[in-house]
Every structure is written in C-alpha cells, then in structure tokens.
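Proteins get letters first, then strands, A, B, ... in listed order; numbering begins at 1 in each.
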Amino acid sequence: MSEFDLGKFEEEAHESWIHAFESNPSNLEKFYLTVAYPYPSGAMHVGHGRTYIVPDVIARFWRMKGRQVLYPMAFHVTGAPVIGISKRIANKDEKTIRLYRDLYKVPQNVLDEFVDPLTIVRHFAGEYQRVMTACGLSIDWRRRFTTVDPTYSKFIEWQWKHLYEAGHVIKGVHPVRYCTVDENPVGDHDLLEGDKSEVVKFTLVMFRYGDSFIPTATLRPETIHGVTNLWANPTVTYVKALVDGKAWIVSKEAAEKLILQDHTVEIKEEIHGKDLIDKKVSHPLCGEITILPAEFVDPDMASGLVMSVPAHAPFDYIALRDLQQAGKYKEIKPIPLIKVEGYGEIPAQYAVEKAGIANQMDSRMDALTQEIYSAEFSKGKLFEKYGGKPVRVARDDVAALMVEKYDSAIMYEFDQRPVICRCGNQVRVKILHDQWFLKYSDPAWKQQVSDHLGDMALVPAEVRAEFDRTVGWLKDWACTRRVGLGTRFPWDTTQLIEPLSDSTCYMAYYTIAHKIREIDSKLLTPEVFDYIFLGKKSEDLPEKKKLDAMRAEFLYWYPYNYRFSAKDLISNHLTFQIFHHVSIFPKDKLPAGMVVFGMGLLNGAKMSSSKGNVFLLEDAVAEFGADTVRMFLMGSAEPWQDFDWRNELVISTKKQIERFYATIMEMKDANGEPHDIDKWLVSRLQSHIERTTEALNNFQTRQALQEAWFSIETDLKWYRRRLPDNCDGSRELHTLASVWVRLLSPFIPFTGEHLWKELAGEGLVSFAPWPVADKKLISPRVELSEELLSRTVEDIESIMKIIQITPKAITIALAPEWKHDIFRTIAQSADRNTVIKEIMKDDNMKKRGKEATDAARQCTTLIHRLPPQVVTPLTQEPINEHAVFEDAKTFLEKVFGVPVHITDAESGVHVKAATALPFKPAIIIE
RNA sequence: GCGAGAAUACCCAAGAGGUCAAAGGGGAUCGACUCAAGAUCGAUUCGCGCAGGCGUUCGCAGGUUCGACUCCUGCUUCUCGCACCA
C-alpha cells in the first residue's frame, strides 16, 4: 500500500496532465469560462490563488460532466505601474528592491535586468504560469498571450475602429490633477493628501481696472447683479501679468496655475494687496464698485480675488458687516437679486442672524454657505428685473453670456486643498488637450448595456444592484495615456490606449490566440478580424484556411459562459466589457454570466504586498501541498464571501485529506457481502451526489465540499457503528469510494488522480464521468428506520447523562396503534385547532378520555419538531417500529452494554411507557 | 459624504415566519486505543436540571404577527466602490 505523499501525487499527476487540458472544438457541448487576467508585476500570493482556483474547480466539474471546457489564461502587461517599478529599481530605491529581492525572492541577476520594464512582466508572467501549474489549474496554455504582443495590438486596433465608427470614441479637453514635478497626471492612489478632492469649474468674472482686468473667480456668476464690491487680501502679493496678451491682476499662485490651463502668462510687475484697496473697478453688469480688504481671501484659491455679494453669500455679508461696524463703507448696502422661499428679503443676512453668528471665524460658516448655496440653486428664482429665471437655469446662461460678451474665462480649481502628490509637490489642475474619451455617458449606449445586463446570469444575485448603479453612474472615460506600455492609439499615435480600455474583449481573442500567431501580424487588417469575429467577407483576405479555422473556433466557444472576477472590478472592468461587447458583437455573442468574488484576508488583516502582509502561493503549495491549499480556499468561504487564510486552519485541512486518503485505501479492497445497513449507505449517497452537483451548478464550492466531504464522512461513521461485529465493509464500499473520489477530485485533483489509479479507474479522473444519483437506489423506508434508531439512541444517551445511574437494562416501549392514528390525523389536517375535536368524536378515542387528548397534544408538538421529510412519509406509510428495534437489538446492546428489551407501551411494564409516541418510543432505564 | 453589501455562540459559518439552543467545520476540554507522542474513534463546548425538560440568546432599540435569527423602521459597526488606476 502506498503512503500518503502529496508531493508524489503532484509529480505523478503533472506528468499525466501534460497537454491534457488543451481544448479544441468538438461534438460536445462547450463550457467556456474566463477569469480576469493578472498584471504580473510581483509574485502570486494565496489571495491570487483563490481567484484562479475557483474557476478551475468549476472547470473540472463541467469537464467531468461531459462538457468541452475551455479555461485560458493570459497576461496583462500594458499600463504604467511596471514603468514606475523599473525606475525605482534603477534608482536603487531600497524599499522596492527589498520587496522584490526579499519577499518575491527574485535572484540578483534577474533583478538587475528589471531596469527594463518588460523584463519585469516577462519574468513574473513566467512565474505565474509556473505557480498556476503547480496549483493544478487545468488551463489551456497554448492560448497564452500578453497584451503587448503585436497580434494582440492588431486585435485592439480592430476593436477600436468599431468603437470609433459607432461614435463611442470622442476627443475632448479635460482638466486633470497634475504634478508639475513628475510632469504627469496623478491618480487617487498617487496622492499623499487630498485624495477626495474634486476639480470644480469657476467662472472668472472680469472687472475693468484701469488698463487691466481683475478676474474674480465664482461658482455663482448669476449673482453678478448683486455685487457690491470686490475683496482683495491686503497681505498678499498680486501680480500684473499679460495673460493671452491682456493685462490681468491675479495672485502669484494663480499666475502659475493659469499657465497649466491653456493660457500664456507673462508677469510684468508685482502689486501689493494693500495697494488695491479702495480702488474702483467696473463691470458692465454691475457698474462701478470698490475693492475692499478681507483676510479670508486665499491667494491659492483660483485667481486670488473674489467678488462680493453680501445679500446671498454669508461670508461676504459678515465681512462687510465687520467693516461697517468699524465705521467704514457705511454707504454699501446688500443688493438682493434672488427670491428663495423661507429666507426672507436678504437670504445671507437672514441665515446669519438666525444662526446667531458673531464673526467670520465662526465654525458654522462653511455649512451655512453650503446651505444657502443649495437652497438658492434648487428653489431660488432671479427677480423679474434680472430675467426671472430659476437659478439653476440662469447660472449657466449668465456664465455663457459672460464668456461670450464680457471677456470671462473658465478656471479649474480643487474643491479642497491641499492636494499633494506622492513626490511631495503641490498638485495643480492641468487642462489636457487631445485627450480621448470613451463616451460611456451616452444614454443610448447605457441603455444597450442595461438591456443586456438584464439577460445575464449574475452570481451572487446581490451584485446586480451594483452593476445597475455603475451603468447609470459611468461618465466618459479618458482612454488614452502618454506613458506606459500598450497599443498606439490609431488616431493619435503619440498616445497609447489606456490599459483598462484594452482589456474589454480579450475573452474573444482567447478563442483564436493559439492560431493567430501563425499569421504575420502585418497581414492582420481590420478586415481579417471582421471576418473571424463578425463573419464579414471581403476581397483578398490572407491565409483564408487559417482564418476559417479561427472563425470556427470563435463560433464554437463564444460567447463565454462565465467570467470570474473580484468584486472591486464591478465599477470598471466588469462593466466596461459589457459596453464594448454590446457595441461590437452580435446579440448571440454577448457575455452570458459573471461570478463576482469576495476579497482575501491573511490572519484577519488585508493582504498587501507593500505592507508585507502576504503569504506567497508558491510557499503555501510547497509547505502544505497544492490539494491542501485548494481545498482550504474552496472550503473556507463561498467564492463571493471574503475569506481569511490562517496557517493553523490549513494544517487541519491537510489532515482531512490524509484521512480521506486512508479511508479510500481501506475501502478499495472491501468485497464482503452487503448487510442491511449497506442499503442505507447507498441510499444516502445518492442524495449527497445530488446535493454536491446542485451546489457546484451554483458555484457554491463550500457547500459542495460540505456535502461531498463531511456528509459522506459522517455517514460512514454511522455505517461502521452499525456494521455487525467481525464484519468488514461490503463491496458497496468500493462503489462508494469510486463515487467519492470523483466528487472530490475537482477540489483535490492530485490526490484524486492517484486514488483513481488505485481504484483501477479508467483513464484520468479529470475526465472521468461525474457521478449521477440513481433514484432507484434511494429507499426512504430504510433512511427513515435509521433515523428512528439514531434519534432513539440520542435520546437514551441524553437521559443516561442526566440520571447518572449505572443501568442494568433498557426497555424501549413502542406507541400503540391508536396513537399512530392520532399522529396521522393531526399531521394531515389543515386546521390544528379543530383537529383534536375531530379525533375525540371517534368512540374509540372517547373511551380513552384524557389519555387521548394528552396524546393528541403531544403528537402536535412532536410533529412540529420533526422535519417534514420525516413526517410526510410517516403519514403515508408507517414503518414497522417493532421490526426496526428488533433488528437493531444487538447493535443497541453493544452500544449501551446492557440487555435491551423491546415491548409495547401498553403491556404494563412501567408507568413511563405511557409517554410513548410514534417515532418517539418511551425509554425506561433501570 | 454618496452608492452597494454585511453583522449568528470561543473562531469560520449554515439559516430566507413555526422543523431553532440554532447544521457543518475548526479550536478547546474529557475519555478510549497506545510505553508515549501523533493519527484515529467517542463525548462535551449558553445556563439550569438524577428522565428525553425548562430558561435566556442570533449587533442595538423599536414595530408587524398567535409566533421572528428570518419581515418593517431607526441606530451602531465592518467590507467594497466612488474613476483616468491595475
């Protein structure tokens, strides 16, 4: 007998699996599943393990169910992260080098090569494939590709041609967060501070000041009619600069910002803030006004100068009031221009006084400003003399008018500051030109996506709401980049296609990936792909025979059945791919389903490579064995739940596999004659088969393991207890072993292959037929009898525990026939309130009086407590309780070590016998 | 802040109005087998009970119902997402 040695099983299986999972179109029905391809910039940890093992278990399950299964894998290497990594390594960044050298265990000579970004992804792509293979993933590796392969780029170009022609790709101008030191846009994850900041759009209202303009930044251009003065900060240094050839006065900071926002700026002279105070300025829409001093004016906020509307802005109101209380500028009065219900004549005054705010420093000022702003925007209306329009309309109208006729410009600014880049520099808003977008905001496109989403199978069902919301929420997506790896953008080859945007239809590419390599990428025109994927014929197609083969391959496999991914991708990748599919592919080739995963924890904390809180998958496989890792990951939570990796729990998983191995080895040679209890074991096995199958149909790996592993094990324990003395298991055990190995082999395929060979199974267990429950072998009678017996044993045990006497004998007294009648009547009756009356009408029962009503009440309680799958068959055809206990008498005596008597309750043995009920005999321990 | 989901005994977790003191697993404790350890098997794991029972529980506070772990409302806490990033 061979020893349990996972390492050896792995070696054997790998040998037999070479090329085994390469999958081609056939007569069988297909099952195509994909998983989000990895970006290989580091080593795999156990969290990655689950991402790829769940689909593998499902793939193996469907393969055994007789489907032609395709599970492909590729590597996403486009984008910028790896560029940053190589730069950091080139700059000898200690932290990065430590991560790669010590945690990921990259040999020094390889690490030296990492100054080239492509080397990094090539190295780790190789590592990924090696570790994935070690985990037993049944991947068709012939189809492997990377997203920088020339043929893949051709595929992307084809795809984008279609998106462009459909009007989904548009060119625009876009304000972005920009670091002037890095000379690059910065994403949220690159920010040290201000990661919640948003870019807001200010209108610069241009006041005339001598030969210059003073631009004041506002979000409320419609309030121009209520401007009473400007605010300048007397402590700040302003500059006079030629902006696009015109003289502007702005803060120093603003001058720098304007350069990034499409203006030419030439600074002429500095002007001290205090020199602006009391100067006159004018604007055609409000006439001549004065510049007043205010320290709240922030030079780093937009232009550094603001207009004052004391009637509608609490800050302006208070600042003016403070000055007036000091006896200055008494002649200035707030000019209201917006009517808003519930805020009196002058809303800012009303709100400030109502809140009892004493001065500018009050902490409630921001909230108050926000309140007035919202109230006026949603409910406010301009006075008739200013046009009478609602604020929400007037705002845009006035802004447009100002830009058109009164020299106004737009200035972008953050809604909060500071915003600091990872490099420590202040982040600015920069306007990017020639920025291209995918027009996800297009309502018609959204509608197509929503419609298809409704037809898709989403697992678990709860994620549907999040998908729906994402489709509604998506705005235009900037889809070109200036740095990184990737495919050139066809309409501006200085730019690259953004890495999420090149990963939306590659599931279709898998179907042809191994064949398209044979064609020179220069020949891969859009017409070639039109033919392969859309069946569009055109003249002069190259390599027609090969194209036909690819077309056939695509038609066979597509659409994919299920896509697997972690839930954090719902709001981008998973939704994007539906957008792209509905735009390019015909209806019958659209994605069929998705399975969304939960996240992984390590010892209760989030896994994070940068924090060092990772356990490498390769180390886990080496330490515990691939099957252990697989079974642990599948059994610790359902795929969509978060899971937690804990080494001490993994160890006990390994013991379980070992126990399974020992049990199968023990059963494989069993060949005794079947006993009564075998019928029970076989009957139970059928429902375990059914339930395991059902669970895997629904991707419930944990539930499936529960059924296929623990339920069967529990049954076997009872079986062994019930086996007569000196009896070995029967030949039925051999059948059970064969079924059991197959049920578990999607989870533990290495052990599965080994045991399958031990059982003399045909071929590989990976391709063995999935067990099917045989209804004929299910015997409810037998199961019910065992249920009665085991319940009674439990009862006896629980009584013995309490009474603490050493029993000399046990008597089991069975309920008389008339109690069975009552039990049946109650179980079958619809109305439990009147059923007792019904029963008592019977003369036979009347005679028994209280005894009968008591029995009826007890039966009612009992029926409530028994599961319906017990009650229903009992009412249809009662089991012969006497026979059950007589047959099990030897067993009972063995268990309890005392003589067991079986008798009828009414034979007068004991007063306690009166408590006997159907399915619940009275127990007398003496 | 906004959107989506979650909260069950020592831990993980099943549970979709009466089958619930609540499956299963883990851990722990006790016992059996062993010279011993490991493995395996059995028992216990909310409290109280010398007869199969009773009492109190499923984040917190209310509500609906004859009856709620399950439905509704509010609150608290946690996870994920909120974009130009894989």
Rounded interatomic separation in angstrom, taking CG from A/N647 and P from B/rG27: 14 Å
Watson-Crick or G-U counterpart of B/rG38, or none if no pair lies under 3.5 Å: none
Tell me, for nucleotides 5-13 of chain B in 5' to 3' order, what letter each nucleotide earns: B for a base near a protein heavy atom under 4.0 Å, S for only sugar-phosphate near one, - for neither? S------BS
Expressed in angstrom and rounded to an integer, what is the separation of A/N572 atom CG from B/rA4 atom P? 18 Å
What integer number of Å spans the P atoms of B/rU56 and B/rA61? 16 Å
Any donor-acceptor N or O pair under 3.5 Å, side chains A/Q495, A/T480: yes
Geometric cation-pi criterion, A/R722 with A/F891: 6.0 Å, 45°: yes
Mind checking whether A/F660 and A/W740 have parallel, tilted or perpendicular rings, split at 30° and 60°? perpendicular
Report which part of the nucleic acid A/W709 touches: base, sugar-phosphate, or nothing (heavy-atom distance under 4.0 Å, all strands). nothing
Counter-base of B/rC50, judged by Watson-Crick or G-U geometry with both distances under 3.5 Å: none
Residues A/Y661, A/F4; criterion ring-ring contact (aromatic ring centres under 6.0 Å, His included); working and verdict: CA-CA 7 Å; A/Y661 174 82; A/F4 176 78; 5.4 Å; yes
Among B/rU79, B/rA86, B/rA83, the one nearest A/K475 by side-chain distance: B/rA83
Sequence-distant partners of A/W436, ring pair (Phe, Tyr, Trp, His ring centres under 6.0 Å), two or more places apart: A/F489
By the 4.0 Å heavy-atom rule, please label A/I570 as base, sugar-phosphate, or nothing. nothing
Could you tell me how far apart A/L705 (CG) and B/rG25 (P) are, to the nearest whole angstrom? 13 Å
How long is the line joining NZ of A/K439 and P of B/rA83, in whole Å? 21 Å
Look at all strands and tell whether A/H76 reaches a base, only sugar-phosphate, or nothing, counting heavy atoms closer than 4.0 Å. sugar-phosphate
Both distances under 3.5 Å, Watson-Crick or G-U wobble: report the partner of B/rA23, or none. none
Specify the separation, in whole Å, of atom CZ of A/R482 and atom P of B/rC85. 12 Å
Exercise: do A/H573 and A/T575 side chains pair donor with acceptor under 3.5 Å: no
Candidate pair A/F576 and A/W477, rule ring-ring contact (aromatic ring centres under 6.0 Å, His included), full reasoning: CA-CA 10 Å; A/F576 290 3; A/W477 178 263; 4.9 Å; yes
For the residue pair A/H168 and A/W445, does the interplanar ring angle fall in the parallel (under 30°), tilted (30 to 60°) or perpendicular (over 60°) class? parallel
Passing option when A/F632 is tested against A/F624, A/F643, A/W645 for ring-ring contact (aromatic ring centres under 6.0 Å, His included): A/W645
May I have the distance from A/I120 (atom CD1) to B/rA86 (atom C1'), rounded to whole angstrom? 15 Å
Pair partner, B/rG67 [Watson-Crick or wobble, under 3.5 Å]: none
A/Y440 OH to B/rC82 C1', in whole Å, measures 17 Å
Classify every nucleotide of nucleotides 38-54 of chain B by which part a protein heavy atom approaches to under 4.0 Å, writing B for the base, S for the sugar-phosphate alone and - for neither, in 5'-to-3' order. -SSSS-S----BBBBS-
Under 3.5 Å, is there a donor-acceptor pair linking the side chains of A/H901 and A/T811? no
State the pairing partner of B/rU79; accept Watson-Crick or G-U wobble contacts with both distances under 3.5 Å, and report none otherwise. B/rA4
